Amino acid sequence: MTNLAIALMLALQTALPGVGQDRLRVVSEDMVSVVSNEFSSGALRSSITQDDALPMLAAVAVGESALRRDIEECKVAGDGGKSVGLGQVMRGPIWMGHTRKEICGNRKLQLKLALHVLDACWQRSPDATSTFRCYTSGDPRKSSYAARHEFATYRRVRSHVKKG
């Protein structure tokens, strides 16, 4: 486990104290892997940095699913069944041609899709507050409890990961 994944795991533990260590470890490792792979392959289009992308992805997963396994496995879906996975990514172009079955069976794919939503939102309004507003509602100007909660989680996780 890398130092970055350990720092992320500890940050997630403070955000979700009821989630077990093993679950936090595997999800943290997958988040670090996905962010690293998407940056190294040049797949992201915005100016978002890895230092922002990783804690933003963590904040979205915490806010949208609390890392619940039943949400990851799509036994529970949001928005009338249109949003699935740890990032509750809504059906449509952002699924990048993948099927619900593919997404629901692949945690890394769920994280990748959520990261791409963050990237698209950052491209529209390159600051964290607007990005979370965009992620939660589709509109970077529309404030919500969910956007504020995810932004606050992002700030805590980012601070913790920077120290780690």
Side-chain angles (χ1 to χ4, degrees), residues 1-17 19-68 71-72 83 85-90 93-96 103 106-164:
M1 191 167 187
T2 67
N3 288 341
L4 185 56
I6 291 168
L8 180 59
M9 183 181 86
L10 294 172
L12 291 174
Q13 187 174 35
T14 64
L16 299 168
V19 176
Q21 291 275 356
D22 290 340
R23 176 82 174 149
L24 293 174
R25 181 184 52 76
V26 296
V27 173
S28 295
E29 288 174 337
D30 283 351
M31 285 184 192
V32 169
S33 173
V34 165
V35 170
S36 176
N37 289 342
E38 292 305 289
F39 271 88
S40 66
S41 71
L44 302 178
R45 297 178 173 196
S46 74
S47 62
I48 194 169
T49 66
Q50 281 186 267
D51 289 342
D52 282 317
L54 180 61
M56 286 182 133
L57 180 59
V60 161
V62 167
E64 299 292 332
S65 67
L67 306 184
R68 288 176 33 192
I71 295 175
E72 177 186 327
S83 298
L86 293 176
Q88 287 295 283
V89 176
M90 190 172 277
I94 203 65
W95 280 17
M96 300 167 65
I103 295 167
N106 188 329
R107 180 177 42 246
K108 283 186 177 182
L109 178 57
Q110 293 174 26
L111 295 170
K112 175 182 172 176
L113 295 176
L115 179 60
H116 281 267
V117 175
L118 287 166
D119 182 52
C121 287
W122 189 274
Q123 195 170 17
R124 286 176 64 187
S125 295
D127 72 79
T129 304
S130 297
T131 296
F132 286 111
R133 288 176 181 169
C134 173
Y135 192 97
T136 59
S137 73
D139 184 344
R141 297 164 300 188
K142 186 176 179 184
S143 186
S144 67
Y145 171 79
R148 290 188 301 274
H149 174 70
E150 289 177 12
F151 177 74
T153 301
Y154 153 75
R155 287 182 47 164
R156 285 192 310 274
V157 169
R158 191 172 196 282
S159 173
H160 202 97
V161 168
K162 274 181 119 176
K163 291 177 188 174

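Here the structure is a predicted model, which is why all the values come from computation and not from measurement. Values below: all heavy atoms of this structure, side chains included; hydrogens, waters and symmetry mates excluded.
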### Query
Do the side chains of F39 and V35 get nearer than 4.5 Å, heavy atoms only?
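In short, these two side chains touch, coming nearer than 4.5 Å.
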#### Entry: Those residues that, when tested against E72, pass side chain to side chain contact (heavy atoms under 4.5 Å, CB included) (two or more places apart)
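So E72 forms a side chain to side chain contact (heavy atoms under 4.5 Å, CB included) with R23, L86, R107, Q110.
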### Message
Measuring only between side-chain heavy atoms, which start at C-beta, is L67 closer than 4.5 Å to L16?
### Response
yes
### Query
Measuring from L4:CG to L8:CG, what's the distance to the nearest 0.5 Å?
6.5 Å
### Query
When you measure from the side chain of T14 to the backbone N and O of A11, does any donor-acceptor pair fall under 3.5 Å?
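Looks like yes, one N/O pair under 3.5 Å.
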### Query
Does D139 have any salt bridge (Lys or Arg N to Asp or Glu O under 4.0 Å) partners at least two apart in sequence or in another chain, and if so, which?
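Checked D139 against salt bridge (Lys or Arg N to Asp or Glu O under 4.0 Å); matches are R141.
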### Query
So, do S143 and R133 sit near enough that their side-chain heavy atoms are less than 4.5 Å apart?
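In contact.
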#### Entry: Within residues 123-150 or reaching into it, pairs that qualify as ring pair (Phe, Tyr, Trp, His ring centres under 6.0 Å) - sequence neighbours excluded
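Qualifying pairs: F132-Y154, Y145-H149.
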### Query
Do V26 and D22 have side-chain heavy atoms sitting under 4.5 Å apart?
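V26 vs D22: side chains apart.
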### Query
With sequence neighbours excluded, what pairs up with S125 under the side-chain hydrogen bond (donor to acceptor under 3.5 Å, both in side chains) test?
none
#### Entry: Separation of D127 CG from F151 CZ (nearest 0.5 Å)
8.0 Å
### Task
Might you point out which heavy atoms bring S65 and A61 nearest each other, and give the distance in Å?
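Shortest heavy-atom separation between S65 and A61 comes out as OG-O, 2.8 Å.
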### Query
What distance separates L115 CG from L44 CG, expressed to the nearest 0.5 Å?
5.0 Å
### Task
Without swapping roles, check the side chain of S36 against the backbone of V32 for a donor-acceptor pair under 3.5 Å.
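Between the backbone of V32 and the side chain of S36 there is no qualifying donor-acceptor contact (under 3.5 Å).
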### Query
side-chain hydrogen bond (donor to acceptor under 3.5 Å, both in side chains) with N106: which residues, sequence neighbours excluded?
none
### Query
Do R124 side-chain atoms and G138 backbone N/O form a donor-acceptor pair below 3.5 Å?
yes
### Query
Minimum heavy-atom separation for L10 to H160, with atom names?
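The answer is CB-NE2, 3.5 Å.
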#### Entry: Contact summary for A53 and I48, nearest pair of heavy atoms
CA-CD1, 3.9 Å
### Message
Could you report the tightest heavy-atom contact between S47 and P126, atom names first, then the distance?
### Response
OG-CB, 4.3 Å
### Partner residues of R68 under the salt bridge (Lys or Arg N to Asp or Glu O under 4.0 Å) criterion, sequence neighbours left out
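Counting only residues at least two positions away or on another chain, R68 forms a salt bridge (Lys or Arg N to Asp or Glu O under 4.0 Å) with D70.
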### Summary
Residues passing the side chain to side chain contact (heavy atoms under 4.5 Å, CB included) test with S40, sequence neighbours excluded, are none
### Query
Does T136 reach the side chain of E150, with side-chain heavy atoms less than 4.5 Å apart?
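Yes, their side chains come closer than 4.5 Å.
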### Task
Could you tell me the separation between the CH2 atom of W95 and the CG atom of L109, rounded to the nearest 0.5 Å?
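Reported to 0.5 Å precision, the distance equals 10.0 Å.
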### Message
Working to the nearest 0.5 angstrom, can you tell me the gap between R156 CZ and L12 CG?
### Response
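Reported to 0.5 Å precision, the distance equals 11.0 Å.
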## Note on the structure
Sorted by chain and number, sequence neighbours left out, side-chain hydrogen bond (donor to acceptor under 3.5 Å, both in side chains) with R45 holds for none
### Sequence-distant partners of E29, salt bridge (Lys or Arg N to Asp or Glu O under 4.0 Å), two or more places apart
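Applying salt bridge (Lys or Arg N to Asp or Glu O under 4.0 Å) to E29 gives R25.
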### Task
Only counting residues at least two apart or in another chain, list the ones meeting side chain to side chain contact (heavy atoms under 4.5 Å, CB included) with A43.
E38, S41, H116
### Summary
The complete set of salt bridge (charged side-chain N to carboxylate O under 4.0 Å, His left out) pairs with one or both residues in residues 46-61, sequence neighbours excluded, reads D52-R158
### Message
How close do D119 and S46 get, counting heavy atoms only, and between which atoms?
### Response
OD1-OG, 2.5 Å
### Task
Nearest 0.5 Å please: distance from the CD atom of Q88 over to the CD1 atom of I71.
5.5 Å
